[in-house]
Amino acid sequence: METFLWTALVCFFSGICCFENLCKRNTTVLELSSTYAGHGVTLAYDGNLALKEWYCSHTDPNRPKAWLQVDLGQPYSISNVKIYYRTEDSWKQYRFRQFYLDVSEFPATTSNTSHRTRCYTDNTTDQYLPPNIIDMPCQQTARYVIVETTYDAPEDDPVAGAMLEICEIEVYGCETGKYGVDCRPCRGCQSCDIKSGLCG
Ligand SMILES: *[C@@H]1O[C@H](CO)[C@@H](O)[C@H](O)[C@H]1NC(C)=O
Ligand SMILES: *[C@@H]1O[C@H](CO)[C@@H](O)[C@H](O)[C@H]1NC(C)=O
Ligand SMILES: *[C@@H]1O[C@H](CO)[C@@H](O)[C@H](O)[C@H]1NC(C)=O
């Protein structure tokens, strides 16, 4: 109850409202397509937002595709997804160019684009850098949230392949049938708009 009041007050007075971070649920399982040098997926949801390599998950080189999957265990009503990506004085977020964010009923290993809904596509080209902290709207109901890339950054040649170096991922939303930053039950319907509560 105290948490509820606090959240409501902070939200009301500051305009900073955030739904529940579903990555923190004990029923949520995060998985990486591969792990480089012990930089496992745990580093992507430990609450540590530091952006140096040491604090970030990291997939292996020499793979055509890299992904990070958040399996919520069952469909949830998602609002937005926030990613903190590795960046350092000497190594920028080159490998984050052209990533995409999908949601799906199916896991990353078995789903192709026809099974997925794309929430975001980065179109950054070689001369430029994508944002290293990005908050993406993704109002969907889904079980799997997949960050994926097939981009091979020229900066790390001769190392080849697509890699992801995600320091933290936060998936914000509610259980289905709930809405609002404090996840209240929809009024008079089974499912409603996660922001407005309007029955659909
Ligand atoms: C998971 O979290 C729920 C709700 O907070 C709690 O009731 C349950 O006991 C937890 N389960 C485990 C295995 O920790
Ligand atoms: C996607 O998967 C479905 C069923 O597994 C398959 O029929 C379809 O051809 C695949 N599409 C692509 C573009 O690979
Ligand atoms: C990237 O390009 C696609 C296709 O043109 C477009 O739908 C998408 O909105 C673009 N992404 C951003 C972040 O502008």
Side-chain angles (χ1 to χ4, degrees), residues 1-8 18-31 40-47 51 64-87 92-104 108 111-154 162-186 194-195:
M1 192 58 193
E2 268 174 21
T3 318
F4 171 84
L5 279 175
W6 178 239
T7 309
C18 56
F19 294 83
E20 179 187 349
N21 178 7
L22 302 171
C23 291
K24 294 288 191 189
R25 290 211 156 205
N26 61 16
T27 43
T28 299
V29 178
L30 280 81
E31 194 182 332
V41 76
T42 313
L43 293 167
Y45 66 109
D46 59 1
L51 302 174
K65 195 185 267 185
W67 48 258
L68 183 154
Q69 168 178 285
V70 180
D71 176 2
L72 300 169
Q74 62 182 64
Y76 276 80
S77 182
I78 299 162
S79 154
N80 58 296
V81 176
K82 191 166 183 182
I83 294 175
Y84 298 76
Y85 198 89
R86 176 185 175 194
T87 191
K92 302 297 179 196
Q93 60 274 28
Y94 311 114
R95 294 164 177 155
F96 202 31
R97 292 186 192 110
Q98 297 178 30
F99 80 94
Y100 42 92
L101 173 72
D102 288 343
V103 297
S104 184
S111 60
N112 59 38
T113 50
S114 66
H115 303 119
R116 300 183 182 190
T117 302
R118 187 138 301 170
C119 283
Y120 190 86
T121 310
D122 183 82
N123 299 313
T124 309
T125 49
D126 287 6
Q127 303 88 326
Y128 303 99
L129 288 174
N132 67 297
I133 299 176
I134 185 165
D135 191 350
M136 297 162 283
C138 187
Q139 252 182 264
Q140 300 288 339
T141 299
R143 170 172 171 176
Y144 295 95
V145 177
I146 301 162
V147 185
E148 195 171 75
T149 183
T150 57
Y151 176 78
D152 182 359
M163 278 172 266
L164 278 177
E165 306 150 296
I166 294 177
C167 304
E168 194 80 6
I169 181 166
E170 298 163 344
V171 175
Y172 288 102
C174 298
E175 288 169 8
T176 54
K178 298 191 173 176
Y179 80 102
V181 289
D182 49 1
C183 296
R184 278 163 287 165
C186 298
I194 192 166
K195 294 231 163 88

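When a ligand or atom number is given, it counts from 1 through the structure's own listing order.
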**OP:** Find all atoms of ligand 3 within a distance of less than 4.0 Å from any non-hydrogen atom belonging to Tyr120, and give their numbers and elements.
**Re:** 13 (C)
Original post:
Quick one: which ligand 3 atoms are inside 4.0 Å of a heavy atom on Thr121?
Top reply: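 So the atoms of ligand 3 that pass are 1 (C), 10 (C), 11 (N), 12 (C), 13 (C).
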Subject >> Close side-chain approach of Pro131 to Asp122, heavy-atom, < 4.5 Å >> reply: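 A side-chain contact exists here, since the closest heavy-atom pair is under 4.5 Å.
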Original post:
What residue and atom, counting heavy atoms only, is the protein's closest point to atom 2 (O) of ligand 3, and at what distance?
Top reply: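 For atom 2 (O) of ligand 3, the nearest protein heavy atom comes out as Asn123 ND2, 2.4 Å.
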Original post:
How close does the nearest protein non-hydrogen atom get to atom 13 (C) of ligand 1, and which residue and atom is it?
Top reply: Asn26 ND2, 4.2 Å
**OP:** Cation-pi check, Arg118 to Tyr100: give yes when NZ or CZ is under 6.0 Å from the six-membered ring centre and within 45° of the ring axis, no otherwise.
**Re:**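 Positive - Arg118 is close enough to the ring of Tyr100 and near enough to its axis.
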Original post:
Without hydrogens or angle criteria, can the side chains of Asn123 and Tyr128 be said to hold a donor-acceptor pair below 3.5 Å?
Top reply: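 No.
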Original post:
Does Glu148 pair with Arg116 as a salt bridge, N-O distance under 4.0 Å?
Top reply: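 Yes, this pair counts.
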Original post:
Are Arg143 and Asp71 within salt-bridge range, i.e. N to O under 4.0 Å?
Top reply: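 So Arg143 pairs with Asp71 through a salt bridge.
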Subject >> Sub-4.0 Å protein heavy atom next to atom 5 (O) of ligand 3 >> reply: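 It does not: no protein heavy atom is found less than 4.0 Å away from atom 5 (O) of ligand 3.
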Subject >> Flag: protein heavy atom within less than 4.0 Å of atom 9 (O) of ligand 1 >> reply: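 False for atom 9 (O) of ligand 1.
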